[in-house]
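Protein chains get the first letters and strands the later ones, always in sequence-line order, with residue 1 at the start of each.
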Amino acid sequence: MLDVADPRAAKDARSPKARTRPSPPRIRWGRIAAWAILIMVMLITLFPFYWMLRTSFSSTRALAAGSANLLPVDFTLGAYKRVLGLASPAEAIAEGGSSATLNFWLYLRNSVIVATITTIGQVFFSSMAAYAFARMRWPGRDAVFLLFISALMVPPIFTTLPNFVLIKDLGLLNTYLGIVLPGLLMTPFAVFFLRQFFLGVNRELDEAARIDGAGHPRIFLRILLPVAKMPIMTLAVLTYIGAWNDYFWPLLVGKSENVRVLTVALGVFQSQTPQGSPDWAGLMAATLVAALPVLAIFMILGRRVIDSLGYTGVK
Amino acid sequence: MSISHPSVRLAGSPGRRRRRSDLLPALVFVLPAAAGFTVFYLWPAIRGLYLSLTSYNVFTPPRFVGLDNYDRLLSDHLFWNALKVTAEYVLINIGVQTVAALLLAVLMHRLTRSLVVRGVLLLPFLVANVIVALVWFWMLDFQIGIVNQMLDWLGLERVAFFGDPDLAIPTIALVNTWRHLGYTALLIFAGLQMIPPAVYEAAAIDGASERQMFFRVTLPLLRPVMALVLVLTVIGSFQVFDTVAVTTNGGPINATRVIYYYIFDMAFNRFSFGYAAALSSVLFVLLAGIAYIQLRLTRAGETDLA
């Protein structure tokens, strides 16, 4: 199973010694062409981000005439003002926006609440379960684990429809609880991922603690969680980004204004702008602002996220 | 695992007796996750199967109708259309993405380990599908999108990327390729780093060319990684929904009514929950079958490295 199976192997493979390889001193042209391709790919990757930026600083009115302009057309901060609710309807319409507003701060708060609760709950409860699977002996352990893991194979939509019915029957439609509940206690991936790491943690630590009379809760909280801080952080970052970007589930159960998250709000905002002349500057400002928190997390934890891809491997 | 199991060392010692009483604490530790699993994975899976045998509109209790839904599905041309459209999407998306990501990973492996390069390539993956869809919807706009503007500069005809029934699916497939390319490349890159350099040294001594190294060394050794990447990206690719939902809404004329969107539409716009459940059961069986075939074909569990 890729490198998930043994994190230590992955670490070894990344050690500097493993990376060096004698490069044959020939065909410099090949190398130049290779660099050219890599740079091309990076440009294609980055250009849409630039285009969001360029459009968001333009006036929607002027975009049609200035569509060939690579710089912001008729530079203005109007789009951001519209998105953040700082512009009056008259101002908005003058710049080619619509009276449709994005109640940005509310949706931002909702996204933060949903992603934070999901991440904390999912990571904590999944690590408890992973501890029981990796560090305790009890009858039926492997069977239960296998059952958990088999759910990785089920396409989400298969359980999404009945889950929607359940949330509706519980009267939890359009509540935070309804949005976070299905992912709050576990995901099969999180349990699987953490169990792999807990299996690899040196047992002498907890044997020593046990002899000192520490029980499982203490060993779990004081020894295992601190030792496995890195993988837990990695999982938390991935869970947070995933929850932040989720669209399908919150669209089903949380469409009402008071719990609407940013992704759903963007979809609504897009469908509300007039089809003939959408408020592109407003839309791009909104998408940029909505993407900003995740991009900020990435800037801060970038290295960890990138390195973690090696061992999450199969997510 | 190289760590010897403590219970083996301590067999017969007091440590063993303490281990036996693990059942109670273990239940406490597993309880929250087990509850989550039972309520939100196991139970809905069973309930989904049952609902697929009923007529159910969410407002009145489900009525058992046997295999009627599955019968209806066989003659539902929109269902077959959805399968066809989805298959087309998956083929383009996975085809382009896998080849491009493999090449990109090999390029990176040979050229640089720069964190900046990897960070840039990962960037699109961090942004929500909805955002990616909106940005490309704007860039590919027929009238004032920059891509059509560029086509103009090159003296080419403008293209209605999302409006042309023949182009809508390839367009959506490539937009999502843009989002996943860097991520997939980094997964493969991680796999490449596990290939021992000695293998390449040996090949170089034997006078292998770049091309030979790629096809005779890299590719075969990468097989288990590629197999897993493929299984997962294919399953993910079948779930395309967000992009369609914010751009074409299934149009023009059902050209992008992919299976996920069709199920969503059935359940939440037409309130045919029973039928939607039957559709998702079929999708489940289909995906399980595809995953099984892929794993068999690629012998994913085995490695040539050991």
Mind listing the closest non-hydrogen atom pair of [X] and [Y] along with its distance?
X	Y	value
B:A45	A:T159	N-CG2, 4.1 Å
B:G36	A:M186	C-CG, 4.3 Å
A:P162	B:P44	CG-O, 3.2 Å
A:G267	B:V246	CA-CG1, 4.1 Å

If we only count heavy atoms from C-beta on, is the [X] to [Y] side-chain gap below 4.5 Å?
X	Y	result
B:L111	A:W35	yes
A:L161	B:S280	yes
B:Y41	A:P188	yes
B:I146	A:R54	no
A:P155	B:I235	no
A:V191	B:F37	no
B:F284	A:I157	no
B:L287	A:F158	no

Checklist entry - Hey, which of B:V127, B:V130, B:I131 is the one that makes side-chain contact (heavy atoms from CB on, under 4.5 Å) with A:T287? => result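 For A:T287, the side-chain contact (heavy atoms from CB on, under 4.5 Å) check succeeds only for B:I131.
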Item to check | Stepwise side-chain contact (heavy atoms from CB on, under 4.5 Å) test for A:L166 and B:F40 | outcome: CA-CA 9 Å; A:L166 180 68; B:F40 295 106; 3.8 Å; yes
In terms of ring plane angle, is the pair [X] and [Y] parallel, tilted or perpendicular, where the classes change at 30° and 60°?
X	Y	result
B:F241	A:Y247	tilted
A:Y131	B:F29	tilted
A:F248	B:Y260	tilted

Selection from [options] maximising heavy-atom pairs under 4.5 Å formed with chain B:
options	answer
A:P156, A:G121, A:A290	A:P156
A:V264, A:I37, A:L147, A:L184	A:L147
A:L295, A:V165, A:T263	A:V165
A:L252, A:D169, A:V41, A:V294	A:L252
A:Q122, A:K168, A:H216	A:H216
A:A291, A:A34, A:A132	A:A34

Checklist entry - Can you tell which of B:L27, B:V58, B:L51 has the highest number of heavy-atom pairs within less than 4.5 Å of chain A? => result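 Of B:L27, B:V58, B:L51, B:V58 has the most heavy-atom pairs under 4.5 Å with chain A.
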Next on the checklist: Quick check on the interface: out of B:S52, B:A33, B:A35, B:P124, who has the most heavy-atom pairs with chain A under 4.5 Å?
Outcome noted: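 Counting heavy-atom pairs under 4.5 Å, the top option is B:A33.
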Next on the checklist: Could you go through B:L123 and A:F298, starting from their C-alpha distance and side-chain angles, then the distance that decides it, and tell me whether this counts as side-chain contact (heavy atoms from CB on, under 4.5 Å)?
Outcome noted: CA-CA 9 Å; B:L123 222 43; A:F298 184 58; 3.7 Å; yes
Within the side chain of [X], is there an N or O that forms a donor-acceptor pair under 3.5 Å with the backbone of [Y]?
X	Y	answer
B:W178	A:I44	yes
B:D22	A:M136	no
A:N245	B:L126	yes

Heavy-atom proximity to chain A below 4.5 Å, by part of [X]:
X	answer
B:V28	backbone
B:N249	neither
B:V39	both
B:A288	neither
B:I46	neither
B:L134	both
B:F189	neither
B:I263	side chain

Next on the checklist: Checking B:F137 against A:L283 for the side-chain contact (heavy atoms from CB on, under 4.5 Å) test, could you report, in this order, the C-alpha distance in whole Å, the side-chain angles of both residues, the deciding distance, and whether it holds?
Outcome noted: CA-CA 11 Å; B:F137 198 47; A:L283 267 173; over 6 Å; no
Which answer fits [X], side chain, backbone, both or neither, if we ask what part of it has an atom under 4.5 Å from a heavy atom of chain B?
X	value
A:L251	side chain
A:T187	both
A:F124	neither

What distance separates [X] [atom1] from [Y] [atom2], expressed to the nearest 0.5 Å?
X	Y	atom1	atom2	result
B:F273	A:F164	CZ	CZ	5.0 Å
A:L152	B:L232	CG	CG	8.5 Å
A:T55	B:M139	OG1	CE	9.0 Å
A:T45	B:L122	OG1	CG	10.5 Å
A:L63	B:Q143	CG	CD	13.5 Å

Checklist entry - Should the heavy atoms of other residues, nucleotides or ligands under 6.0 Å from OH of B:Y292 be counted, would the total exceed 12? => result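 Open.
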Checklist entry - Does the side-chain contact (heavy atoms from CB on, under 4.5 Å) test come out yes or no for A:W138 and B:V30, once each step is laid out? => result CA-CA 11 Å; A:W138 42 288; B:V30 172; 3.7 Å; yes
